[in-house]
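Chain A is the first sequence line, chain B the second, and so forth, proteins listed ahead of strands; every chain is numbered from 1. All values reported here derive from a predicted model rather than from experimental measurement.
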There are 2 protein chains.
Amino acid sequence: METFGGEKSRARIAYDWRGGPLARMIRQRLQAARLRPSRQRISLAGLLFVAGDRHVTAEQLHREAQALDMPLSLATVYNTLRQFVASGLIREVAVFGSTVWYDTNTGSHCHYFDEGRQRLEDIPSDLTRDLKIAAPPGYRIVGVDVIVRLRDDETLQ
Amino acid sequence: METFGGEKSRARIAYDWRGGPLARMIRQRLQAARLRPSRQRISLAGLLFVAGDRHVTAEQLHREAQALDMPLSLATVYNTLRQFVASGLIREVAVFGSTVWYDTNTGSHCHYFDEGRQRLEDIPSDLTRDLKIAAPPGYRIVGVDVIVRLRDDETLQ
DNA sequence: TCGCTTTTTAGAATTATTCAAAAAACCCGC
DNA sequence: GCGGGTTTTTTGAATAATTCTAAAAAGCGA
């Protein structure tokens with residue numbers, strides 16, 4: 001096991017991976033979505049798509065990027081997440097509270113929200129398949145959000 | 001058909017109903033929830049519970065109260081709605097966007113959200129009955145929110 | 001009515017997010 | 001590789017929804 005070992009080398013790692021094979025895949029993904037592969041977009045896409053399904057807020061993602069010395073502003077995180085949503089790379093999830101959550105899994109599925117730890121997670125099975133929903137006349141369904149709010153037994157009382 | 005006919009008489013109506021039979025029922029409801037029946041709480045409960053199921057934001061409710069010359073501040077509307085939620089008189093609904101919605105129907109049911117007109121409505125049948133949800137070990141389910149987002153055909157394109 | 005507690009209020013503070021304009025980065029043809 | 005037009009990013013201000021704070025008002029029991 002190896003630690004990162006200091007500011008400089010972390011910076012190099014954060015910078016260097018942008019030339020690697022992972023970065024090439026991400027560039028392709030961005031290009032397919034007609035988004036110019038800028039440093040910042042590649043960095044953020046890296047964080048989002050490297051490790052399976054993720055659920056993050058803009059603030060969280062920004063902190064993560066900073067911890068890895070990826071130079072980008074909070075505004076860019078917000079902009080980029082919005083663009084990624086618009087391009088269908090990720091999706092928004094409506095949760096209680098004032099914060100918007102982003103989910104890298106764009107398929108049809110539902111969420112648990114842990115109110116104590118403020119964490120969002122996928123529900124393994126797709127519950128929405130069981131729902132028989134019809135749009136009222138004159139309307140079209142643009143999305144279905146199911147969120148199951150949880151409290152862990154300690155927090156509960 | 002009769003109009004309200006001017007500021008004064010609207011003010012009297014808004015004030016006077018607080019002595020009537022409706023107000024008595026609302027007082028009882030507040031008392032049952034261990035909330036002191038202040039003018040403001042009675043006024044707001046009146047707006048919320050007189051006319052069947054309602055879906056409102058704090059801002060909307062405040063405007064409504066002002067239009068009826070009920071004297072109360074926006075902060076009170078926010079406080080009161082939070083207390084009503086805590087007492088189980090109403091419930092919150094998680095919707096996209098930064099605004100919290102309140103629903104006077106506390107039973108298990110789902111919602112349509114009209115994104116064009118920004119309006120929330122109950123879905124007649126209770127879809128959640130079809131959902132087979134289990135809490136992960138160590139957790140308890142404190143609520144299930146299903147919101148079906150709609151666009152009307154004009155707004156759509 | 002008096003006095004104690006709860007509630008309300010106005011306005012400041014906070015939080016999450018968006019906006020606007022300037023600076024920087026990207027990309028194309030040469 | 002280099003200028004020039006376009007796209008992105010950035011900083012800081014602006015906004016929107018909500019909460020907080022301390023003081024004033026209202027409610028309530030003796």
- [ ] Starting from the 5' end of DNA chain D, give me the residue, B/R36 or B/W101, whose nearest nucleotide shows up first.
- [x] B/W101
Open item on the list: I want to check one thing: is the phosphate of C/dT7, taken as OP1 and OP2, less than 4.0 Å away from some side-chain N or O of B/R41?
Closed with: yes
- [ ] Tell me which nucleotide among C/dT17, D/dT18, D/dT9 gets nearest to the side chain of A/S38.
- [x] D/dT9
Open item on the list: Set out, in order, the CA-CA distance, both residues' side-chain angles and the distance that settles side-chain contact (heavy atoms from CB on, under 4.5 Å) for A/H111 and A/D103, then state yes or no.
Closed with: CA-CA 10 Å; A/H111 292 101; A/D103 182 352; 2.7 Å; yes
TODO: May I ask you to say whether B/R54 pairs ionically with B/E64, meaning some side-chain N is under 4.0 Å from a carboxylate O?
DONE: yes
TODO: Indicate whether any N or O donor in one side chain lies under 3.5 Å from an N or O acceptor in the other, for A/T99 and A/T57.
DONE: no
Task: Distance in angstrom units between A/L30 CG and C/dC26 P, rounded - done: 13 Å
Open item on the list: A cation-pi test, strictly: NZ or CZ of A/R29 under 6.0 Å from the centre of the six-membered ring of A/F49 and no more than 45 degrees from its axis. Yes or no?
Closed with: yes
Task: Protein-nucleotide distance (A/L61, atom CG; C/dT17, atom P), rounded to Å - done: 12 Å
TODO: Could you check A/E59 against A/A75 and say which one's nearest nucleotide on DNA chain C is further toward the 5' end?
DONE: A/E59
Open item on the list: By nearest heavy atom, map B/T99 and A/P71 onto DNA chain D; which one lands nearer the 5' end?
Closed with: A/P71
- [ ] Could you state the atom-to-atom distance from CG of A/L72 to P of C/dA25 in whole Å?
- [x] 13 Å
TODO: Provide, to the nearest angstrom, the distance between the NE2 atom belonging to B/H62 and the P atom belonging to C/dA10.
DONE: 8 Å
Open item on the list: What contact category does A/S73 fall into here, base, sugar-phosphate, or nothing, at under 4.0 angstrom with non-hydrogen atoms?
Closed with: base
Open item on the list: Just N and O in the side chain of B/Q40: are any of them under 4.0 Å from OP1 or OP2 of C/dT9?
Closed with: yes
- [ ] Would you mind reading off the distance between A/Q31 atom CD and C/dC26 atom P, rounded to a whole angstrom?
- [x] 13 Å
Task: Test item: A/H62 side-chain N/O and A/L72 main-chain N/O as donor-acceptor pair under 3.5 Å - done: yes
- [ ] Check every atom of D/dA26, C/dA16, C/dC19 against the side chain of A/Y78 and return the nucleotide holding the closest atom.
- [x] C/dA16
Open item on the list: When you measure from the side-chain N and O atoms of B/S98 to the phosphate of C/dA16, is any distance below 4.0 Å, counting only OP1 and OP2?
Closed with: no
Task: Residue whose nearest DNA chain C nucleotide is more 5′ - B/R34 or B/L74 - done: B/R34
Open item on the list: In the structure I gave you, are the side-chain heavy atoms of B/L30 and B/F84 within less than 4.5 Å of one another anywhere?
Closed with: yes
- [ ] Measure from the side chain of A/T76, starting at C-beta and using heavy atoms only, and say which of D/dT9, C/dA10, C/dC27 lies closest.
- [x] D/dT9
- [ ] Using atom types as modelled and distance alone, determine if a side-chain donor or acceptor of B/R41 lies under 3.5 Å from a backbone N or O of B/R36.
- [x] yes
- [ ] Return the residues of residues 79-97 of chain B meeting this criterion: a heavy atom under 4.0 Å from some atom of DNA chain C. Order them by number, or give none.
- [x] B/N79
Open item on the list: Could you tell me how far apart B/I42 (CD1) and C/dT7 (P) are, to the nearest whole angstrom?
Closed with: 13 Å
Task: Distance, rounded to the nearest Å, where B/L35 contributes CG and C/dT8 contributes C1' - done: 14 Å
